[in-house]
> 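Below is the structure I would like to discuss, written out as structure tokens.
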Amino acid sequence: MSKEKLLEKLKGKLIVSCQALPGEPLYIENGTIMHLMANAAAQAGAAGIRTNGVRDIEEIKKNLDLPVIGLIKKQYEGFPQHITVTMKEIDDLVKAKADIIALDCTLRERPEAKTINEFIKKIKEKYPDVLLMADISTFEEGVNAEKAGVDFVGTTLSGYTPYSKKSEGPDFELVGNLSKTLHIPVIAEGKIHDPKQAKKMLELGAFAVVVGGAITRPLEIAQRFVREME
Ligand SMILES: CC(=O)N[C@H](C=O)[C@@H](O)[C@H](O)[C@H](O)COP(=O)(O)O
């Protein structure tokens with residue numbers, strides 16, 4: 001799919017993150033049901049899917065004709081990043097035909113390439129046509145990712161790095177500031193728990209909105225009910 005087509009499909013729309021990691025109730029050792037989650041999202045009118053790992057990307061792409069943002073969660077000893085950290089994961093995601101590849105674009109030191117800018121340069125040299133979504137946690141990281149040449153910036157990691165803003169809900173301020181400043185699409189992601197919050201993200205200038213746990217993680221949803229009723 002061309003970049004123009006992809007942008008047209010995703011603009012102003014909902015992207016549903018369908019992920020289950022080892023240890024989570026919907027994770028299956030020898031199989032997956034994430035494509036069923038993705039089918040539900042598609043039936044509801046979502047415009048894209050975000051998912052983890054080659055198996056789920058391939059399974060979802062077999063079933064649906066929607067753009068897939070792919071990532072591989074894997075941590076390397078001595079480094080804090082966990083979303084698409086080395087070229088091995090990029091190679092696997094390209095092979096799995098992810099339409100967009102999401103990767104940690106924080107400014108922390110990483111394995112292989114010393115900096116994120118070096119890593120992005122290497123990826124674009126190896127795969128000139130690949131589309132990259134920078135998962136960032138602060139304004140500075142978003143600005144840097146745009147300069148480094150990514151195609152989308154997502155607020156995925158706000159609240160998940162030791163130095164980023166901690167709050168219960170989504171980071172409206174970061175989405176608003178990045179949308180005003182960057183020239184590339186900003187994707188609002190992280191802790192968006194109800195439709196009004198998603199709509200507000202669009203009003204703040206977000207290009208598209210990723211919602212994960214509030215739609216696809218039943219444990220998380222049930223916990224919110226239980227906590228509220230205590
Ligand atoms: C921090 C991290 O590892 N986030 C992951 C990134 O892919 C996913 O576990 C989240 O579900 C996703 O970002 C969507 O966010 P939320 O589930 O809050 O709607």
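As a basis for the values below, the full set of heavy atoms in this structure was taken, side chains included, without hydrogen atoms, waters or symmetry mates. These numbers come from a predicted model, not from an experiment. As the structure lists them, so they are numbered: ligands from 1, and atoms in each ligand from 1.
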> Please say whether the positively charged group of Lys11, taken as NZ for Lys or CZ for Arg, lies over the ring of Phe207, i.e. under 6.0 angstrom from the six-membered ring centre and within 45 degrees of the axis.
no
> Is any NZ, NE, NH1 or NH2 atom of the basic residue among Glu125 and Lys121 found under 4.0 Å from an Asp or Glu carboxylate oxygen of the other?
yes
> Check each protein residue for a heavy atom under 4.0 Å from ligand 1 and list those that pass, ordered by chain and number.
Gln19, Arg50, Leu71, Lys73, His82, Ile83, Thr156, Leu157, Tyr160, Glu189, Gly190, Lys191, Val211, Gly212, Gly213, Arg217
> Donor-acceptor pair, Gln19 side chain versus Gly212 backbone, under 3.5 Å?
no
> Using a 6.0 Å distance limit plus a 45 degree cone around the ring axis, check whether Lys191 lies over the aromatic ring of Tyr160.
yes
> Please assess His82 against Leu157 for the test side chain to side chain contact (heavy atoms under 4.5 Å, CB included), listing each intermediate value before the final yes or no.
CA-CA 10 Å; His82 68 290; Leu157 293 172; 4.0 Å; yes
> Is the closest side-chain donor-acceptor distance between Thr155 and Asp171 under 3.5 Å?
no
